[in-house]
Amino acid sequence: MAKLKAKQQRFVDPDRGPLLSARFIVAVVLMLVGIAWIAYYYTVVRVDPTAATPQDPGGPAFMGDWGKWNYVVGFGLFFLGLLLTAHPSTPLGRGRGVVVGMLACFLMGLIWICTFYVLSGEQLPKVPVFNDLDQWNLVIGIAFMAVGFSFATRWE
């Protein structure tokens, strides 16, 4: 009987709840789907504007029709997943996880914006994803920071 209780308590913090909650699993799935959406659009569906011969968009037709709106969908799903992890029922939404999530989002936003500014000019067309977003890279960096502020509201 004691071993059964030990197995059940393995992923549960008695003061804070389970480490793997439904909210956390949904958040991770949303982030992975957002990343996969962007990667699939960029590698399969997107038409390379620098190609010598014009191509037709690949993949599902609706993704080709949406164009750059695919980045809104992908990054939107990713940021929604990050926002869901700021809830106290997830490991990143309580204790030290809040500080880790907050600092990680702030640093990612800063790195994204600094990378965009450093690469602006002749190098920007050579970097995947950055080359399609142009000035919208600033919005992505600021969105990372906004999610960092959502973690900051949970900090005690």
Side-chain angles (χ1 to χ4, degrees), residues 1-46 59-60 62-63 66-121 123-156:
M1 186 75 171
K3 287 185 179 181
L4 181 62
K5 282 190 176 182
K7 283 185 180 179
Q8 290 174 347
Q9 295 293 331
R10 199 161 91 193
F11 292 112
V12 176
D13 183 0
D15 297 330
R16 305 206 188 247
L19 291 178
L20 294 176
S21 64
R23 180 182 295 264
F24 184 66
I25 292 169
V26 168
V28 169
V29 167
L30 282 173
M31 288 188 284
L32 291 175
V33 168
I35 292 169
W37 187 285
I38 293 170
Y40 183 77
Y41 170 71
Y42 192 84
T43 58
V44 176
V45 178
R46 177 181 161 267
F62 74 91
M63 284 184 88
W66 286 0
K68 291 187 180 182
W69 284 99
N70 286 295
Y71 292 112
V72 174
V73 172
F75 280 112
L77 289 171
F78 182 78
F79 289 131
L80 180 63
L82 273 178
L83 284 171
L84 285 176
T85 61
H87 192 271
S89 69
T90 66
L92 282 178
R94 58 181 179 251
R96 292 183 188 151
V98 173
V99 177
V100 170
M102 175 184 67
L103 291 177
C105 288
F106 285 154
L107 288 174
M108 281 300 299
L110 181 66
I111 289 169
W112 193 281
I113 291 172
C114 288
T115 303
F116 168 67
Y117 277 123
V118 167
L119 295 175
S120 288
Q123 287 85 16
L124 191 63
K126 300 173 188 173
V127 181
V129 179
F130 278 84
N131 58 0
D132 278 354
L133 293 174
D134 294 327
Q135 294 296 319
W136 287 98
N137 283 301
L138 297 174
V139 174
I140 301 298
I142 292 169
F144 270 114
M145 292 180 189
V147 172
F149 280 113
S150 74
F151 278 100
T153 62
R154 304 285 183 191
W155 193 11
E156 296 177 5

Any side-chain heavy atom of [X] sitting closer than 4.5 Å to one from [Y]?
{"X": "L110", "Y": "M145", "result": "yes"}
{"X": "M63", "Y": "Y40", "result": "yes"}
{"X": "L82", "Y": "M108", "result": "no"}
{"X": "L138", "Y": "Y117", "result": "yes"}
{"X": "F78", "Y": "V147", "result": "no"}
{"X": "V73", "Y": "W69", "result": "no"}

| request: Evaluate the side-chain contact (heavy atoms from CB on, under 4.5 Å) criterion for residues V127 and F116: first the C-alpha distance (whole Å), next the side-chain angles of each, then the deciding distance (0.1 Å), finally the verdict. | output: CA-CA 10 Å; V127 181; F116 168 67; over 6 Å; no

Which atom names give the shortest non-hydrogen contact between [X] and [Y], and what distance separates them?
{"X": "T90", "Y": "S21", "result": "CG2-OG, 4.1 Å"}
{"X": "A152", "Y": "M102", "result": "CB-SD, 3.5 Å"}
{"X": "L83", "Y": "S150", "result": "CD2-OG, 3.3 Å"}
{"X": "I113", "Y": "G141", "result": "CG1-CA, 3.8 Å"}

To the nearest 0.5 Å, what is the distance between [atom1] on [X] and [atom2] on [Y]?
{"X": "L80", "Y": "M31", "atom1": "CG", "atom2": "CE", "result": "10.0 Å"}
{"X": "N131", "Y": "Q123", "atom1": "CG", "atom2": "CD", "result": "13.0 Å"}
{"X": "L77", "Y": "L32", "atom1": "CG", "atom2": "CG", "result": "11.0 Å"}
{"X": "T115", "Y": "L124", "atom1": "OG1", "atom2": "CG", "result": "10.5 Å"}
{"X": "R154", "Y": "T85", "atom1": "CZ", "atom2": "OG1", "result": "10.5 Å"}
{"X": "N70", "Y": "I38", "atom1": "CG", "atom2": "CD1", "result": "9.0 Å"}

| Test item: side-chain donor near acceptor, Y71 and D132, under 3.5 Å |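 Yes, a side-chain donor-acceptor pair sits under 3.5 Å.
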
| Pair W66 + F62: ring centers closer than 6.0 Å |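 Yes, close enough.
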
| Partner of F144 by ring-ring contact (aromatic ring centres under 6.0 Å, His included), out of F149, F151, F79 | F79

